[in-house]
Amino acid sequence: MELSVFLVVALALLVGGVVGSFVPMVPAGLLSIGGIAVYWWNTGYVTPGPLVFAGFVAVGLLVVVVDYLAGVIAAKVGGASALSSLAGGLVGFALFFVLGPVGIVLGITATVFALELYRGNARNESLRAAVYALVGTLGSSVMQFVLTLSMLVAFLVLLVV
């Protein structure tokens with residue numbers, strides 16, 4: 001295995017995907033796909049093979065889906081409206097720039113709770129929806145981490161084998 005500039009870029013993008021799985025608004029899945037694509041392009045579309053490359057892309061796209069939908073789906077399962085879920089995500093995003101990661105947690109939880117109360121839900125129902133939204137959002141970061149790390153590990157195995 002020869003250490004080329006393209007291999008270093010590919011590894012940097014894959015590591016960036018893993019780290020980005022915990023940083024809001026960093027497209028972790030797309031970074032990881034980019035790393036694989038750079039290496040694949042550099043090898044003349046030979047390594048990894050087309051099926052393995054497609055598998056990498058599928059996992060990377062799954063990361064994107066998890067990133068954008070997990071919190072909303074979890075809030076919906078918890079009884080929140082789509083509007084509350086979306087508003088929680090937007091407020092959490094805005095508060096990230098003010099309070100960092102704590103802003104995300106506070107923004108999502110407080111917004112979903114307040115909007116569900118405003119919609120006429122009981123306090124315990126509103127709290128349940130807010131907790132589901134929060135757990136879904138935090139869980140999505142964990143899933144993104146696991147998936148992007150699996151892409152990095154699989155890529156390293158591919159290099160060795």
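Computed over heavy atoms, backbone and side chain alike; hydrogens, waters and symmetry mates excluded.
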side-chain hydrogen bond (donor to acceptor under 3.5 Å, both in side chains) evaluation trace for S81 with S84: CA-CA 5 Å; S81 70; S84 295; 3.0 Å; yes
Test log, rule side-chain contact (heavy atoms from CB on, under 4.5 Å), inputs L95 and I104: CA-CA 6 Å; L95 285 180; I104 295 170; over 6 Å; no
Intermediate values then yes/no, salt bridge (Lys or Arg N to Asp or Glu O under 4.0 Å), R119 and E116: CA-CA 5 Å; R119 288 182 58 225; E116 289 305 306; 2.6 Å; yes
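Of all heavy-atom pairs spanning G136 and A70, the tightest one is O-CB, 3.7 Å. Residues L7 and L3 approach most closely at CD2-CD1, 3.9 Å, considering heavy atoms. The heavy-atom pair separating V112 from A80 by the smallest distance is CG1-CB, 4.0 Å. The heavy-atom pair separating V26 from D67 by the smallest distance is O-OD2, 4.4 Å. What you find for V142 and F22 is that their closest heavy atoms are N-CE2, 4.4 Å. When every heavy atom of S85 is checked against every heavy atom of A75, the shortest pair comes out as OG-CB, 3.0 Å.
For the pair R123 and F113, the minimum side-chain heavy-atom distance is below 4.5 Å. Two residues are said to be in side-chain contact when any heavy atoms from C-beta on lie closer than 4.5 Å; V38 and L13 meet this criterion. Within the 4.5 Å cutoff, no side-chain heavy atoms of F53 are placed close to those of Y45. Looking at L14 and I36, their side chains come closer than 4.5 Å, going by heavy atoms from C-beta outward. By the 4.5 Å heavy-atom criterion applied to side chains, L156 and L11 are counted as neighbours.
Screening V146, V59, V18 for a side-chain contact (heavy atoms from CB on, under 4.5 Å) involving M151 leaves a single residue, V59. Exactly one residue among L61, V63, V64 makes a side-chain contact (heavy atoms from CB on, under 4.5 Å) with I33. That residue is L61.
The main-chain N or O of A28 is found under 3.5 Å from a side-chain atom of S32 such that the two form a donor-acceptor pair. When atom types are taken as modelled, the side chain of T111 and the backbone of G88 share no donor-acceptor pair closer than 3.5 angstrom. Within the 3.5 Å criterion, the main-chain N or O of F145 finds a donor-acceptor partner in the side chain of T148. Side-chain atoms of W40 come within 3.5 Å of backbone N or O of P48 as a donor-acceptor pair.
One hydrophobic cluster, built from ILVMFWY side chains closer than 4.5 Å, holds both L62 and V57. A continuous path of Ile, Leu, Val, Met, Phe, Trp and Tyr side chains, each step under 4.5 Å between heavy atoms, connects V5 with L159, placing both in one hydrophobic cluster. Two different hydrophobic clusters hold F56 and V65 under the rule that ILVMFWY side chains link at heavy-atom gaps under 4.5 Å. A continuous path of Ile, Leu, Val, Met, Phe, Trp and Tyr side chains, each step under 4.5 Å between heavy atoms, connects W41 with L158, placing both in one hydrophobic cluster. If you chain together hydrophobic residues whose side chains sit under 4.5 Å apart, V153 and L31 fall into the same group.
For the atom pair CG of N121 and CG of L115, the computed distance is 10.5 Å after rounding to the nearest 0.5 Å. To the nearest 0.5 angstrom, L138 atom CG is 14.5 Å from M143 atom CE.
With ring centers used as reference points, F155 lies under 6.0 Å from Y39.
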